[in-house]
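Structure first, then comments.
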Amino acid sequence: MITLLLQLMWTFFLIGLFTIGGGYAMLSLIQNEVVVSHGWLTESAFTDIVAISQMTPGPIGVNCATYVGYDVVSLASGSHLMGILGSAAATFALLLPSLLIMFLIVKFYSRFSHSTLFEGVMGWLRPTVVGLIGAAAVILVMKVSWGGTPLLTAPEVSLVEENIIDWKSWVLMAAAFAASYWGKLNPIFVIFAGGVLGLLLY
Amino acid sequence: MNQDKVKTASLWQLFGVFAKIGAFTIGGGYAMIPLIQRELSSRGWISDEELPDIVALSQSAPGIMAVNISIFAGYRIRGLKGSLAATLGAVMPSFIIILAIAMVFSGFKDNPVVVSIFKGIRPVVIALIAVPMLNMAKKSCRTWWAWALAALSLLMVAFVGISPIYILLAVIIVSFSYTYIKMKKEAGR
């Protein structure tokens, strides 16, 4: 159990360190580490956590880390108390790099903010982060597995069945996209509507 | 930045104000900026001129923007202890609310009503991840080259299965070297 807690802390420390571009960028990192690399949670469990993190107050990244920390440790140990410890560990580890880096930035504030080097690196990082967020969405829709070496053998592509149940899922997804992107509706309202429609349709 | 303009606050006050900000931020960090402005400048803790700088820095630094703003503003108001109090305050509402939900939800996961609600919610959540991505893309991908970089990082993570951490590390190393060499060349001219 101590090994799991340490693994969890190290994972969330890395996630905190490499989150550039806000909460949604963090989701792709959390997903990759927690679902893909460690297999601590399933895709559908993670999707539920994202939904709840979006609906509840507080920054998405913190909500998600707290939730994942609780779920991973309470699933492994079967105890609420250990789960609470897990969520505290994950959240603390997530914040630690921010604290360290922000202290450095406060110290070197004026020299840092307008440097050509910093702007140069950020100009590359921003589009990269856009791609990473896109990947998070794609991974929740389909699974790609390679029989052998990636890119040299043919991949096997399958839908994530828990998230895409039938054609109604695609309709809901398209409607939610339209409502939020063009209709500029509040995400909380869109998620709420999705829940009501789910109750009616399934 | 001049330190003398800043009014002092007790650590409990800092904790309380940032807890309020944390509790009312729903969704992303941008939603909290007007709230921060109202709470901090009305108390004379941070001036309105300082806020854009604090936001810009908190955005570009790694980590969660809301947390970065708390660390930075807390530090400006009460130094190291102030930044810890502010951060703890900003995170506390999330922590308590999510824990309560996580503990209750684990008991309801298999309830048929909850199951069908989440069948409807999951595709919606996926669409809602795509929306901020497109909004960011419109702002930060102005050249074909930026779009190519975005597409490449998407393919590498979603289809090849490379960890985002390695992608970010590679981009940081390459862009740092590229900008550095370009700067040296221009300086040498």
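Just so we're on the same page: letters track the sequence lines, and every chain starts at 1.
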Hey, can you tell me if B:Phe105 and A:Tyr67 have their rings parallel, tilted or perpendicular (30° and 60° cut-offs)? perpendicular

Chain A contact via B:Trp147 - which portion, at a heavy-atom distance below 4.5 Å: neither

Residue, of A:Val36, A:Val190, A:Ile15, that accumulates the most heavy atom pairs under 4.5 Å with chain B: A:Val190

Okay, B:Ala137 and chain A: the region with an atom under 4.5 Å from a heavy atom over there is both

Do the ring planes of A:Trp124 and B:Tyr178 sit parallel (below 30°), tilted (30 to 60°) or perpendicular (above 60°)? tilted

Proximal component of A:Leu200, with respect to chain B [non-hydrogen, under 4.5 Å]: neither

Where on A:Tyr70 is there a heavy atom nearer than 4.5 Å to chain B: the side chain, the backbone, both, or neither? side chain

Taken to the nearest 0.5 Å, the spacing of A:Leu117 CG from B:Ser177 OG works out to 9.5 Å

Looking at every heavy atom in both A:Val130 and B:Met133, which two are closest together, and how far apart are they? O-CG, 3.4 Å

Closest-packed option against chain A by number of heavy-atom pairs under 4.5 Å, given B:Val114, B:Asn68, B:Val157: B:Asn68

One should read off an interatomic distance between B:Lys182 NZ and A:Thr116 OG1, to the nearest 0.5 angstrom, of 9.5 Å

For the candidates A:Leu95, A:Leu140, A:Ile165, A:Asp48, which exhibits the highest count of non-hydrogen atom pairs separated by less than 4.5 Å from chain B? A:Asp48

Could you check if a side-chain atom of B:Phe118 sits within less than 4.5 angstrom of a side-chain atom of A:Thr47, using non-hydrogen atoms only? no

Flag if over 12 foreign heavy atoms under 6.0 Å of CZ, B:Phe176: no

CD1 on B:Ile165 to CG on A:Asn32, rounded to 0.5 Å: 7.5 Å

Does A:Leu94 form a side chain to side chain contact (heavy atoms under 4.5 Å, CB included) with B:Val67? I'd like the steps, not just the answer. CA-CA 10 Å; A:Leu94 182 79; B:Val67 172; over 6 Å; no

Between CD1 on residue B:Ile101 and OG on residue A:Ser53, distance to nearest 0.5 Å: 8.5 Å

So for A:Glu33, is it side chain, backbone, both, or neither that comes closer than 4.5 Å to the heavy atoms of chain B? side chain

Under 4.5 Å from any heavy atom of chain A, what part of B:Pro132 do you find: side chain, backbone, both or neither? side chain

Side chain from CB out, backbone as N, CA, C, O: work out which of these in B:Leu128 comes under 4.5 Å of a heavy atom of chain A, or both, or neither. both

Applying a strict 4.5 Å limit to non-hydrogen atoms, the region of B:Met103 in contact with chain A is both

With chain B, the option among A:Ser145, A:Ser87, A:Ala179 that has the most non-hydrogen atom pairs under 4.5 Å is A:Ser87

Nearest 0.5 Å, please: how far is CD1 in B:Ile96 from OG1 in A:Thr56? 13.0 Å

Of the backbone (N, CA, C, O) and the side chain (C-beta and beyond), which part of B:Leu84 lies under 4.5 Å from a heavy atom of chain A, both, or neither? side chain

Of all the heavy-atom pairs spanning A:Ala137 and B:Ile126, show the shortest one and how long it is. O-CG2, 3.8 Å

Flag yes if more than 12 heavy atoms outside A:Phe92 fall under 6.0 Å of its CZ atom; otherwise flag no. no

At a 4.5 Å cut-off on heavy atoms, which part of A:Thr128 comes close to chain B: side chain, backbone, both, or neither? both

Quick one: which of A:Ser169, A:Ala178, A:Gly61 has the most heavy-atom pairs under 4.5 Å with chain B, could you say? A:Ser169

Options A:Val141, A:Leu125, A:Leu197, ranked by heavy-atom pairs under 4.5 Å with chain B, top entry: A:Leu125

Is the closest side-chain heavy-atom distance between A:Tyr202 and B:Val115 below 4.5 Å? no

If you look at every heavy atom in B:Ser153 and A:Pro127, which pair is closest and at what distance? OG-O, 4.4 Å

When heavy-atom pairs shorter than 4.5 Å are enumerated against chain A, which of B:Ala102, B:Ser140, B:Ala148, B:Cys141 gives the highest number? B:Ala102

Side chain from CB out, backbone as N, CA, C, O: work out which of these in B:Ser163 comes under 4.5 Å of a heavy atom of chain A, or both, or neither. both

Does atom CD of A:Glu161 have more than 12 heavy-atom neighbours from other groups under 6.0 Å away? no

Do B:Leu169 and A:Phe18 make a side-chain contact, defined as non-hydrogen atoms from C-beta onward lying under 4.5 Å apart? yes

Minimal heavy-atom distance between B:Gly63 and A:Ser98, with the atoms involved, is CA-OG, 3.4 Å

Considering all heavy atoms, the nearest B:Val124-A:Gly194 contact: CG2-CA, 3.9 Å

Looking at CD1 of A:Ile52 and CD1 of B:Ile121, how far apart are the two atoms once the value is rounded to the nearest 0.5 Å? 8.0 Å

Can you give me the closest heavy-atom contact between B:Ala158 and A:Ile139, atom names plus distance? CA-CG1, 4.0 Å

Given the options A:Leu99, A:Leu14, A:Leu201, which has more heavy-atom pairs under 4.5 Å with chain B than any of the others? A:Leu99

Is the shortest heavy-atom distance from the side chain of A:Ile133 to the side chain of B:Ile129 under 4.5 Å? yes

The interface call for A:Ala88 against chain B, heavy-atom contacts under 4.5 Å, is both

